[in-house]
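Everything numeric here is computed off the predicted structure, so don't read it as measured data. Note that the numbering runs from 1 along the sequence shown for the chain.
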Amino acid sequence: MSAPRAAGLGLLGLACLFAVAEAVPRLGLVDPRHLPPATAVLGRLATELGDATLWTALGETLRSWALGLAIACCLAVALGVLIDAVPGLRAATASTIEFLRPIPSVALIPLATLLFGAETGSTLLLVVYAAFWQVLIQVLYGVADVDPVARETARSYRLGRWAHLRHLVWPTALPYVLTGVRLAAAVAFILAVTAELVIGSPGLGLRIQLAQSGGAVTEVYALIVLTGLVGVTVNTAVRAVERRVLAWHPSVRGEAAR
């Protein structure tokens with residue numbers, strides 16, 4: 001499907017969602033006190049965007065997201081490459097990874113609160129933990145996908161460890177790494193907002209919590225819409241970076257050709 005056609009269908013879907021969200025409360029199917037019409041929500045969002053404190057809260061959320069994602073990616077890539085480089089380390093760590101990976105990040109909220117309280121450190125802990133596994137698993141898949149024949153050829157030519165990593169492992173693993181980063185970016189943003197909402201650390205989630213506790217229903221929906229828009233923007237930006245970095249990769253060239 002061409003990009004313009006896909007964009008058109010996406011806009012059509014949003015228009016249908018807007019029409020439903022506008023019609024349901026106005027037809028009395030849902031109490032407008034619980035679900036305000038879409039026009040009221042967008043009007044409130046426009047008002048909120050003129051409030052400097054909203055941008056401060058959004059900046060706190062994006063800072064926690066970006067810093068946590070960067071830390072998680074650096075740790076995951078370094079550990080993934082180390083596991084591949086040390087013989088036997090992958091087998092030795094497999095059971096530990098499979099034990100820790102399924103633990104939900106939200107289960108660490110009590111621990112984060114004990115360690116950092118209602119501060120940005122709690123949000124960072126949850127973001128790093130959630131994003132780390134997304135990237136690490138992809139790195140492990142990527143380094144395992146290196147052609148065995150290419151490995152043997154590099155060994156025959158006595159390729160140094162750094163040259164082996166740079167010219168053999170990294171080009172193979174990079175598409176996997178960027179896939180992991182794309183997945184981790186979305187998960188990290190979700191966890192940043194969730195941590196702020198539950199723990200009360202500074203950010204957009206805390207602002208949603210305060211609006212909810214104050215009974216400002218329209219403001220709650222407006223902030224939720226803003227959160228969704230920011231999430232879409234984050235995902236679009238990461239995808240654009242992925243396509244640019246992997247412009248040489250056959251999958252991206254094929255996608256561009258279509």
Side-chain angles (χ1 to χ4, degrees), residues 48 51-83 93 96-140 176-213 220 223-242 245:
E48 289 293 321
D51 185 356
T53 60
L54 173 65
W55 294 101
T56 301
L58 179 58
E60 290 283 351
T61 298
L62 291 178
R63 186 180 67 173
S64 299
W65 166 78
L67 182 57
L69 181 63
I71 293 173
C73 289
C74 292
L75 291 176
V77 171
L79 184 59
V81 171
L82 177 65
I83 289 175
T93 57
T96 304
I97 291 173
E98 290 305 316
F99 171 73
L100 294 175
R101 183 167 64 96
I103 297 176
S105 298
V106 291
L108 300 180
I109 287 178
L111 175 61
T113 306
L114 285 173
L115 291 175
F116 301 104
E119 300 294 337
T120 303
S122 297
T123 303
L124 277 177
L125 175 62
L126 299 179
V127 169
V128 170
Y129 187 85
F132 173 79
W133 299 110
Q134 300 288 335
V135 181
L136 177 63
I137 297 303
Q138 291 297 323
V139 172
L140 293 178
Y176 291 88
V177 172
L178 291 179
T179 297
V181 171
R182 174 161 47 83
L183 296 173
V187 171
F189 183 71
I190 292 170
L191 261 296
V193 176
T194 301
E196 294 161 358
L197 184 62
V198 177
I199 299 174
S201 52
L204 194 57
L206 175 60
R207 193 175 176 98
I208 294 174
Q209 181 198 75
L210 294 175
Q212 186 272 333
S213 61
V220 170
L223 294 174
I224 291 172
V225 170
L226 176 60
T227 302
L229 293 174
V230 174
V232 170
T233 303
V234 164
N235 187 63
T236 302
V238 174
R239 280 185 174 275
V241 171
E242 181 183 18
V245 173

Candidate pair L54 and L204, rule side-chain contact (heavy atoms from CB on, under 4.5 Å), full reasoning: CA-CA 8 Å; L54 173 65; L204 194 57; 3.8 Å; yes
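Across all their heavy atoms, G205 and L197 have their closest contact at O-CD1, 3.4 Å. Across every non-hydrogen atom of L206 and S201, the tightest pair is CB-O, 3.4 Å. A pairwise comparison of heavy atoms in G68 and L124 identifies N-CD2, 3.5 Å as the closest pair. For F189 against W65, the heavy-atom pair with the smallest separation is N-CD1, 3.2 Å. The two residues V238 and A185 make their nearest non-hydrogen contact at CG2-CB, 3.8 Å.
Remark: Q209 pairs with no residue by the side-chain hydrogen bond (donor to acceptor under 3.5 Å, both in side chains) rule, at least two apart or across chains. Scored by the side-chain contact (heavy atoms from CB on, under 4.5 Å) test, V127 finds T123, A188, L191, A192 as partners (sequence neighbours excluded). When the side-chain hydrogen bond (donor to acceptor under 3.5 Å, both in side chains) test is applied to Y176, the partners found at least two apart in sequence or on another chain are D145. Under the side-chain contact (heavy atoms from CB on, under 4.5 Å) criterion, V225 pairs with V41, L45, L229, not counting sequence neighbours. Qualifying side-chain contact (heavy atoms from CB on, under 4.5 Å) partners for I97, counting only residues two or more places apart in sequence or in other chains: I83, T93, W133, L136, I137, L140. Listed by chain and residue number, R44, R207 satisfy the salt bridge (Lys or Arg N to Asp or Glu O under 4.0 Å) test with E48 (two or more places apart in sequence, or in another chain). With sequence neighbours left out, E196 forms a side-chain hydrogen bond (donor to acceptor under 3.5 Å, both in side chains) with T61. Listed by chain and number, the residues in a side-chain contact (heavy atoms from CB on, under 4.5 Å) with I190 are T194 (sequence neighbours excluded).
A salt bridge (charged side-chain N to carboxylate O under 4.0 Å, His left out) check over residues 178-189, counting only residues at least two apart or in different chains, returns the pairs R182-E242. For residues 101-112, the pairs satisfying salt bridge (charged side-chain N to carboxylate O under 4.0 Å, His left out) are E98-R101, with sequence neighbours left out. Within the structure, salt bridge (charged side-chain N to carboxylate O under 4.0 Å, His left out) pairs that include any residue of residues 61-81 comprise E60-R63 (at least two apart or interchain).
Rounding to the nearest 0.5 Å places CG of L178 at 9.5 Å from SG of C73. In this structure, N235 CG and R239 CZ are separated by 5.5 Å, a value rounded to the nearest 0.5 Å.
Two residues are said to be in side-chain contact when any heavy atoms from C-beta on lie closer than 4.5 Å; I71 and F132 fail this criterion. With contacts defined as side-chain heavy-atom distances shorter than 4.5 Å, the pair V241/V181 does not qualify.
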Can you list, pair by pair, the side-chain donor-acceptor contacts under 3.5 Å of residues 102-120, counting residues two or more places apart and other chains?
from	atom 1	to	atom 2	distance (Å)
T113	OG1	I109	O	2.8

